Number of protein chains: 2
Amino acid sequence: MQKKKVTTSKDIGERIKERRKELKISQEELAEILGVTYQQVQRYENGTNKLNVENIQRIANALSAPLSYFFEVYKMPVIAEEQAHYATPAENKLLRHFRKIRNSNSQNIVIQIARLAAKSD
Amino acid sequence: MQKKKVTTSKDIGERIKERRKELKISQEELAEILGVTYQQVQRYENGTNKLNVENIQRIANALSAPLSYFFEVYKMPVIAEEQAHYATPAENKLLRHFRKIRNSNSQNIVIQIARLAAKSD
DNA sequence: AGTTTATACACTTTTTTTGTTGTATTTGTC
DNA sequence: GACAAATACAACAAAAAAAGTGTATAAACT
């Protein structure tokens, strides 16, 4: 009877970091989604602290990955791979700023400016 | 954007109890495998305490069940359109316009406006 | 060149998890 | 019914996880 091996918190943490970077999400953004501090995200990624069964699910959702992605050898389907490179650097930059705008009116103004810039291009 | 639900510790606990009884394993036996007290197993089954990502795997192994047995099994495969919704509707709208801007200077101006809007938010 | 952002890491305090101990209740067996 | 094993649950102390705070460094951006 072989003893089944357990994926360690360290392994899971590395997988999280890897995936997070693919999606160009900062530790802070991920932390916000989880409702923890970004320092805590660092501890998860380092394997210093152990994720509980609820937070690993939240991370999986935030990173658009199935749970199995973090526990076993898993290759993301092609469609997700494309998604990772979907936005160009400029687009990512734009989004990073845009997401910090809380006021939806301000958001709309930015959208309108983008629209007009496109129109007169 | 639908909010994906998380399987709670209580739900997982109930599933553990259910499976353990199927296999006629006592709390104490399970506790030994985990290296915790049987009182702790009770707390897991009750959902009083949260399992960490390593112990849930040990439980899955001990109960000869896949990890997915304890979490929500079904997750509709994500299609391309939804996957693109890693960005919110507002973000997608912004990107649609932004991508039509050929002139990179104009692009940068839009980025700067977004940046300033975020800053003064 | 100066500034912001992201990341890393260490230290202290608060919160949660776990062990320990104890008692009560249920379940199965004779 | 009597007995033993399994389960439930509660209270307290110890250990681990997490928050909060601070500093440092490198990379990205202006």
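Bear in mind that the values here come from a model prediction, so they are computed numbers and not experimental data. Throughout, protein chains are lettered first and strands after them, A, B, ... in sequence-line order, and every chain is numbered starting at 1.
- The phosphate of C:dA6 (OP1 or OP2) has no side-chain N or O of A:Arg20 nearer than 4.0 angstrom.
- In this structure, CD of A:Glu28 is placed 14 Å from P of C:dA8, rounded to the nearest angstrom.
- To the nearest 0.5 Å, atom CG of residue B:Asn103 and atom CG of residue A:Asp121 are 6.0 Å apart.
- Annotation: salt bridge (charged side-chain N to carboxylate O under 4.0 Å, His left out) contacts of B:Arg19 (sequence neighbours excluded): B:Glu22.
- When heavy atoms are screened at a 4.0 angstrom cut-off, A:Lys21 is found touching no nucleic acid atom at all.
- Counting any heavy atom pair closer than 4.0 Å across all strands shown, A:Lys17 reaches sugar-phosphate atoms only and no base atom.
- With sequence neighbours left out, A:Lys93 forms a salt bridge (charged side-chain N to carboxylate O under 4.0 Å, His left out) with no residue at all.
- Side-chain atoms of A:Arg43 do not come within 3.5 Å of backbone N or O of A:Thr48 as any donor-acceptor pair.
- Counting only residues at least two apart or in different chains, side-chain hydrogen bond (donor to acceptor under 3.5 Å, both in side chains) contacts with residues 25-38 of chain B comprise B:Ser26-B:Glu29, B:Gln27-B:Gln42, B:Gln27-B:Glu45.
- If you check every strand for non-hydrogen atoms under 4.0 Å, B:Gln27 touches sugar and phosphate atoms only.
- The side-chain contact (heavy atoms from CB on, under 4.5 Å) check on B:Asn52 picks up A:Lys50, B:Glu54, B:Asn55, with sequence neighbours excluded.
- The closest donor-acceptor contact from the side chain of A:Asn49 to the backbone of A:Tyr44 lies at 3.5 Å or more, if one exists at all.
- Axis deviation across the helix from C:dA1-D:dT30 to C:dC30-D:dG1 amounts to 50°, comparing end segments of five pairs, rounded to 10 degrees.
- Residue A:Leu63 holds its CG atom at 5.5 Å from CD1 of A:Ile25, rounded to the nearest 0.5 Å.
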Worksheet, complete the sentence: Per-nucleotide protein contact along nucleotides 14-25 of chain C, 5' to 3', at a 4.0 Å heavy-atom cut-off (B base, S sugar-phosphate only, - neither), is ---SBBBBB---
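- Distance check: A:Ile56 CD1 to A:Asn61 CG gives 10.0 Å after rounding to the nearest 0.5 Å.
- Residue pairs meeting the side-chain hydrogen bond (donor to acceptor under 3.5 Å, both in side chains) criterion with at least one member in residues 105-115 of chain B, sequence neighbours excluded: B:Gln112-B:Arg115.
- Checking A:His97 against A:Gln42, the closest nucleotide of DNA chain C that is more toward the 5' end is the one next to A:His97.
- Along DNA chain D, read 5' to 3', the first and last nucleotides having any atom under 4.0 Å from a heavy atom of chain B are D:dT7 to D:dT30.
- Within residues 102-119 of chain B, the residues that have a heavy atom under 4.0 Å from DNA chain D are, in order of number, B:Gln112, B:Arg115.
- Remark: the backbone N or O of A:Phe71 is paired with a side-chain donor or acceptor of A:Thr7 at under 3.5 angstrom.
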Side-chain donor-acceptor distances from residues 11-18 of chain A under 3.5 Å, at least two apart:
| residue | atom | partner | partner atom | Å |
| --- | --- | --- | --- | --- |
| A:Asp11 | OD2 | A:Thr8 | OG1 | 3.1 |
| A:Glu14 | OE2 | A:Lys10 | NZ | 3.2 |
| A:Arg15 | NE | A:Tyr69 | O | 2.9 |
| A:Arg15 | NH1 | A:Glu18 | OE2 | 2.8 |
| A:Arg15 | NH2 | A:Tyr74 | O | 2.6 |

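- To the nearest 0.5 Å, the span separating CZ on A:Phe98 from CG on A:Asn92 amounts to 14.5 Å.
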